[in-house]
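Labels below follow one simple rule: chain letters A, B, ... track the order of the sequence lines, proteins then strands, and each chain is numbered from 1.
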Number of protein chains: 2
Amino acid sequence: MAKTSFREQQLQLREDAIVASVNRLLAEKGFDLMTVDEVVADVGIAKASLYKHFNSKEDLAAAAMVRVLERALAELARLREQDPAAPALSQLKAVARWTMRVQLAGEMPSLPAQNSSLRAALLGHKVYLDRLMSLSDELGVWITAAQAAGDLRPELPPEVVLYTLFARACDPVLGLLKAGGQYSDEQIIEILLLSCFGGLAAAQPLLESEPNAALAPAKKRAPASRGRASP
Amino acid sequence: MAKTSFREQQLQLREDAIVASVNRLLAEKGFDLMTVDEVVADVGIAKASLYKHFNSKEDLAAAAMVRVLERALAELARLREQDPAAPALSQLKAVARWTMRVQLAGEMPSLPAQNSSLRAALLGHKVYLDRLMSLSDELGVWITAAQAAGDLRPELPPEVVLYTLFARACDPVLGLLKAGGQYSDEQIIEILLLSCFGGLAAAQPLLESEPNAALAPAKKRAPASRGRASP
DNA sequence: GTCTATAAAAAGATAGAC
DNA sequence: GTCTATCTTTTTATAGAC
């Protein structure tokens, strides 16, 4: 089965080059401002050639997302292998650190959640959905494990933790701090890791166990049920 | 000076209607996907008429940002007046709560940080810059006060706290949770307030005061200088 | 599959009558 | 100032030769 492998390999390399360019441009300008002309200019091919590989601009973005999701899955596997006995919370922090490093390196594609045509294309993209679910599942295991170990707030639904991790992977605060130029990349990462996992507020001195007093500043809240709404 | 006031008032009302539409559309679709045609269709005027009031699409976005910034400044004044003796941390949480409510109401305009033409227009917009600096200054007072009171993490530079508050005002996690439909608006707000100020990690039991042990999971970090880089 | 050339459509902005 | 009609540019996508 390695007969036409040379040609196919060349084609595969070309596609990789396209997706790498798309990934970089998505990180730099976002989906709406990235144009197909820029992509083909960056890769050095004709536009019609690109459309032989990908059917639409949305497909390009999906391919870039699949690429970064698979990089993330590989990183998760690496973390698991490197220290199989590590606490789940440590692993989650390591993942957050990795996503921030990717973003600081200008390699984190950012897709606007509002674009409906893009959203529809992603929801119809089997491979993208599969990788996204795989990543969510694997992170979910660590999240529930960390909660069971008492290392993550039990009041936070696991999905909130998951969404927060995804959101921090493209947090604009990172870009603002980098643009400020006052901190090194590693300093930025540690600061944001602290604010994400430790919170903005100072650690409470653990007084006479008044649970969430700091969260009800002015008015009394209704005694409605809080926390999880579904099992 | 109230001679032509009727005509002028009518004009002002028309401009207000335009900016309100722009505000809503910016919250719904973002700057890049919002079209001027949509705006004029929503307001019910001709495109050329709109361009008599605003010179460009970027000017429209700037006007919407001025509007929301002034709403925020008014909310700050209200909070100060309502309880002048309230701790700064409570005030900051109240502000965060207000921004989340605005976002849940679909009234928080979101501008992409990547669009350079928009960025240039905003940096040249005097009123916008003035309001943005006013808001930053007023929040900065509360932030430093809360840190002095020991209620905010002293390791976090004040600008990081400020940027984080701004970022949480348009956090995509809010939209994801609302789309999930499992939680009420107020539940979402309390959950995100907890994760923002309290962090994802569970409160540390305050062991033998090992400062940031949880932040160094796998590898030892370089002993480089951390924390603030400038006074 | 790759190229040049060209649709086809969208969107920001303006001309000119009233 | 407001309107209709139009211009201009940008951008996605495709024909058709090789």
Interatomic distance, A:Asp37 CG vs C:dA5 P [rounded to whole Å]: 15 Å
Could you tell me how far apart B:Asn115 (CG) and C:dG12 (P) are, to the nearest whole angstrom? 11 Å
Check: B:Thr99 side chain, B:Ala96 main-chain N or O, donor-acceptor pair, under 3.5 Å: yes
Nearest-nucleotide 5' precedence on DNA chain D, A:Lys52 against A:Val36: A:Val36
Which heavy atom in A:Ala146 sits nearest to a heavy atom in A:Ala88, and how many Å separate them? N-CB, 3.7 Å
Opening and closing nucleotides of DNA chain D in contact with chain A, under 4.0 Å to non-hydrogen atoms: D:dT11 to D:dA15
Touch class at under 4.0 angstrom, heavy-atom based, for A:Ser49 against every strand present: base
B:Lys178/B:Asp185 salt bridge by N-O under 4.0 Å criterion: yes
In chain order, what residues pass the side chain to side chain donor-acceptor pair (under 3.5 Å) check against B:Arg119, with sequence neighbours excluded? none
Within the side chain of B:Glu138, is there an N or O that forms a donor-acceptor pair under 3.5 Å with the backbone of B:Ala77? no
Whole Å only: how far is the CG atom of B:Asp32 from the P atom of C:dA11? 12 Å
Is a side-chain N or O of A:Arg71 found less than 3.5 angstrom from the main chain of A:Val102, in a donor-acceptor match? no
If you assign each of B:Lys47 and B:Leu11 to its closest nucleotide in DNA chain D, which residue comes earlier from the 5' end? B:Leu11
A:Tyr51 has an atom OH; how far is it from atom C1' of C:dA7, in whole Å? 13 Å
